Amino acid sequence: RFEYPGTIKWDNYSKNTYSRVRVEYEGELGTKIYDIKELNVSEFKLKDIGVARVSVLSYLIAGHEEILSSYTTMDDKVSYLIYGGGNGSVEDPYQITNEEHLQNVRYNMNSNYILGSDVSLFANASPEQRPQYSDGMVINGIGVEFTGVFDGNNKTIKNINYTDIYASEMAFIHTVAQEGVIKDLTLTIMGSNINATNFAGVAIYNYGTISNVKVNAATASNITYHQRNATRVAGIVTYNHGTIDGAVNTASFINNADLTKTNYIAGIATENYGTIIRSGNSGALSGMIVGGVVAINENLVTTSYNTGSLQAISKVSGEQPIVGGISASNQNAEDGSTIAQVTNCYVIISSITISTVNTSSMFGVAGGIVGAVYGTTVKPIENSYVVITTANAVTTTNSSFGVVLGNATVLYTTNAEFNYNAYLLLNGGSYQTHGQDNSIYLAEQLPTKDALVTKYTTNANLKDIYKVDEGNLNNGYPVFK
């Protein structure tokens, strides 16, 4: 008989009744046999051997032979024992409807899954009772890449709590392989004084595709991290080598104000070596190297935005704080295989703080779009706009701020249209477009909101990128088509 979830039991064991019960199960290494007679047990749990599909065969004694007992034979392999249904194929993915189903994804990291309903974890459970207790991952698969498809089906996994979890890395899942996909999923997370070296709402490494994924805070409180221990904190991914498309972070990640070590904080990815497209951040972020979308960018960020407040503070001499509304730092790959670029982006600035105790001239660097650019070959910032909402929205101490770019080791080439970049000072103020050289102009200053809307929705080079949302999304400022 079968007992949900994932246990097979047999009663009244007797050699006169049957000679053995054998379980055949399929895993990554093919079909295996679990012989009950040899082990002299009366039950086993599928999770103990990590299976998803099983057949149970009972054998009877007939003379000198063992014959298959038809009345206990299961011709169809069963999957509902550790999932809610399905067989893991593209056509019939395993169904996940509760926390246990979710944890069992680790047994088949190459299969396909779909959320059949919202799944709520027990946020107030003791740390030992949470799925992320053992290794920091909700889906415990460190050392095994996820190569399947995890379809969130526009459902939510709620109350992922990282408080009092002690692991070097924490995320929903550790690594998404090149062929792996996580899509159409919302995660709500919480955490106080997170200690992980690497933390991300979705994955530590992404080599595949993460699309239409959203990370929200489960409560109104900020998610705080231990600044001395945390090196990389991101709303979606710490290291992106693949594609992030349509990801949104609304959670706020705030350090514990003990700013004694360089760290990298970003709304989407701390380090980008792939492509980030149609993604954005609205959460408040604080650290030392802070990017609204990405902290270190070595490839492409496009059609993305930031509306969250950003803060970079260094209290240690020699540690340089950097802030970028989209990217804190653009730098090309060491082997020259990629040239960092930010294009078709917008930033709404309500608060940027850049501060350092280092008193050397303009040591800290902040830019409305990009904080700093490094390299002898660069691509210009293009088709982007910045809105500064108040006259005192930007606070600098021993630091420089540029509406578009904070600093660059080489001069950006601009044309008469300033590469179709523009900015609006909604309530006055005076800023230069390039933080450390007011003779370099990287954007056109527009006088009013109406002028900005008109430019970005009618200009031949911009109208196919931007529109004004009828539902007043982004307070009437242009958004992406």
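All heavy atoms count here, side chains included; hydrogens, waters and symmetry mates do not. Index from 1, following the sequence. Because the structure is a prediction, the values reported are computed rather than measured.
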Q | Polar side-chain atom of Thr353 near backbone of Gln311 as donor-acceptor pair, under 3.5 Å | A | no
(Q) Using modelled atom types and a 3.5 Å cut-off, is there a donor and acceptor pairing between side-chain atoms of Asn255 and backbone atoms of Tyr225? (A) no
Q) With a 3.5 Å cut-off and no angle check, do the side chains of Glu145 and Thr175 form a donor-acceptor pair? A) no
Q. Taking all non-hydrogen atoms of both residues, which atom of Gln320 and which atom of Ile289 are closest, and how far apart?
A. O-CD1, 3.4 Å
Q. Under 4.5 Å between any side-chain heavy atoms of Val138 and Tyr162, yes or no?
A. yes
Q. Under the 6.0 Å and 45° cation-pi test, does Lys449 pair with Tyr477?
A. yes
Q. Do Glu169 and Asn198 have a side chain donor and acceptor closer than 3.5 Å?
A. yes
Q) Does a donor on one side chain sit under 3.5 Å from an acceptor on the other, for Thr224 and Asn222? A) no
Q.
Students often mix this up, so state it plainly: with edges at 30° and 60°, are the rings of Tyr205 and Tyr207 parallel, tilted or perpendicular?
A. parallel
Q.
Checking the side chain of Asn263 only, and the main-chain atoms of Met288 only, is there a donor and an acceptor separated by less than 3.5 Å?
A. yes
Q.
Can you tell me how far apart CZ (Phe253) and CD1 (Ile265) are? Round to the nearest 0.5 Å.
A. 9.0 Å
Q: With side chain to side chain contact (heavy atoms under 4.5 Å, CB included) as the test, would you mind laying out the steps for Ser279 and Val248 before giving the verdict?
A: CA-CA 6 Å; Ser279 299; Val248 174; over 6 Å; no
Q) Val237 versus Ile268: any side-chain heavy-atom pair under 4.5 Å? A) no
**Q.** Check: Asn344 side chain, Thr302 main-chain N or O, donor-acceptor pair, under 3.5 Å
**A.** no
Q) Passes side chain to side chain contact (heavy atoms under 4.5 Å, CB included), Val347 versus Ile326? Steps please. A) CA-CA 7 Å; Val347 177; Ile326 298 297; 3.7 Å; yes
Q: Could you pull out the closest heavy-atom pair between Arg106 and Met109, with the gap in Å?
A: O-CG, 3.5 Å
Q. With a 3.5 Å cut-off and no angle check, do the side chains of Asn330 and Ser327 form a donor-acceptor pair?
A. yes
**Q.** Test side chain to side chain donor-acceptor pair (under 3.5 Å) applied to Lys455 - qualifying residues, sequence neighbours left out
**A.** Glu444
Q: First locate atom CG of Asn407, then atom CZ of Phe363, and finally report the distance between them rounded to the nearest 0.5 Å.
A: 11.5 Å
**Q.** Intermediate values then yes/no, side chain to side chain contact (heavy atoms under 4.5 Å, CB included), Ile182 and Val176
**A.** CA-CA 8 Å; Ile182 297 180; Val176 180; 3.7 Å; yes
Q. In terms of side-chain heavy atoms, does Ser337 have a donor or acceptor partner in Asp335 at a distance below 3.5 Å?
A. yes
Q) Got a donor-acceptor contact below 3.5 angstrom from the Ser309 side chain to the Ser351 backbone? A) no
(Q) Looking at Thr457 and Val453, would you say the former's side chain and the latter's main chain have a donor-acceptor pair under 3.5 Å? (A) yes
Q) Roughly how far, to the nearest 0.5 Å, is CD1 of Ile254 from OG of Ser221? A) 11.5 Å
Q: Please say which of Ile223, Asn161, Thr163 ends up in a side chain to side chain contact (heavy atoms under 4.5 Å, CB included) with Ser192.
A: Thr163
Q) Would you say the side chain of Tyr431 lies within less than 4.5 Å of the side chain of Ile349, judging by non-hydrogen atoms? A) no
Q) Does Thr454 reach the main-chain N or O of Leu452 with its side chain, forming a donor-acceptor pair under 3.5 Å? A) no
(Q) If you compare all heavy atoms of Thr186 against all heavy atoms of Asn216, which two are closest, and at what distance to 0.1 Å? (A) CG2-ND2, 3.7 Å
Q. Ala269 and Ile276: which non-hydrogen atoms are nearest, and at how many Å?
A. CB-CD1, 4.1 Å
Q.
Closer than 3.5 angstrom, by distance alone: can the side chain of Asn421 be matched with the main-chain N or O of Phe418 as a donor-acceptor pair?
A. yes
Q | With sequence neighbours excluded, residues passing side chain to side chain donor-acceptor pair (under 3.5 Å) with Thr389 | A | none
Q | Beyond-backbone contact of Asn383 with Asn419, side-chain heavy atoms, under 4.5 angstrom | A | no
Q: Answer yes or no: does atom CD of Gln445 have more than 12 heavy-atom neighbours from other residues, nucleotides or ligands under 6.0 Å?
A: yes
Q. Are Thr343 and Gln341 linked by a side-chain donor-acceptor pair shorter than 3.5 Å?
A. no
Q. Could you state the interatomic distance from CG (Asn272) to CD1 (Ile296), rounded to the nearest 0.5 Å?
A. 10.5 Å
Q.
Is the shortest side-chain heavy-atom distance between Met170 and Ile165 below 4.5 Å?
A. yes
Q) Could you give all pairs that pass the salt bridge (charged side-chain N to carboxylate O under 4.0 Å, His left out) test and reach residues 262-291, with sequence neighbours left out? A) Arg232-Glu271, Asp245-Arg278
Q) Got a sec: does the NZ of Lys158 have more than 12 other heavy atoms crowding it under 6.0 Å? A) no
Q. Stepwise, does the side chain to side chain contact (heavy atoms under 4.5 Å, CB included) test hold for Val342 with Asn297?
A. CA-CA 9 Å; Val342 172; Asn297 178 44; 4.1 Å; yes
Q. Is there a donor-acceptor pair under 3.5 Å between the side chain of Asn108 and the backbone N or O of Ser111?
A. no
Q.
I'd like to know whether the aromatic ring centres of Tyr385 and Tyr423 sit less than 6.0 Å apart in this structure.
A. no
Q. So, Tyr83 and Gln95: side-chain donor and acceptor under 3.5 Å apart, yes or no?
A. no
Q) Are side-chain heavy atoms of Val370 and Ile381 found at a separation under 4.5 Å? A) yes
Q) Say you draw a straight line from CD of Glu99 to CZ of Arg130; how long is it, rounded to the nearest 0.5 Å? A) 11.0 Å
Q) Does Thr156 offer a backbone N or O that forms a donor-acceptor pair with the side chain of Asp118 under 3.5 Å? A) yes
Q | Worked check of ring pair (Phe, Tyr, Trp, His ring centres under 6.0 Å) between Tyr346 and Phe480 | A | CA-CA 9 Å; Tyr346 70 82; Phe480 306 118; 5.2 Å; yes
Q: Look up atom CD1 in Ile277 and atom OG in Ser304, then write down how far apart they are to the nearest 0.5 Å.
A: 7.5 Å
Q | Audit row: Thr262, Glu319, side chain to side chain donor-acceptor pair (under 3.5 Å) steps and yes/no | A | CA-CA 7 Å; Thr262 298; Glu319 297 285 358; 2.3 Å; yes
Q) Is the closest side-chain heavy-atom distance between Leu115 and Asp151 below 4.5 Å? A) no
Q) Testing Val386, Val387, Asn306 for side chain to side chain contact (heavy atoms under 4.5 Å, CB included) with Ile348, which one passes? A) Val387
Q) Any side-chain heavy atom of Ile204 sitting closer than 4.5 Å to one from Tyr239? A) yes
**Q.** Shortest non-hydrogen separation from Leu285 to Ala266 and the atoms involved
**A.** CD1-C, 3.9 Å
Q: Please name the pair of heavy atoms, one in Asn332 and one in Ala340, separated by the smallest distance, quoted to 0.1 Å.
A: OD1-N, 3.0 Å
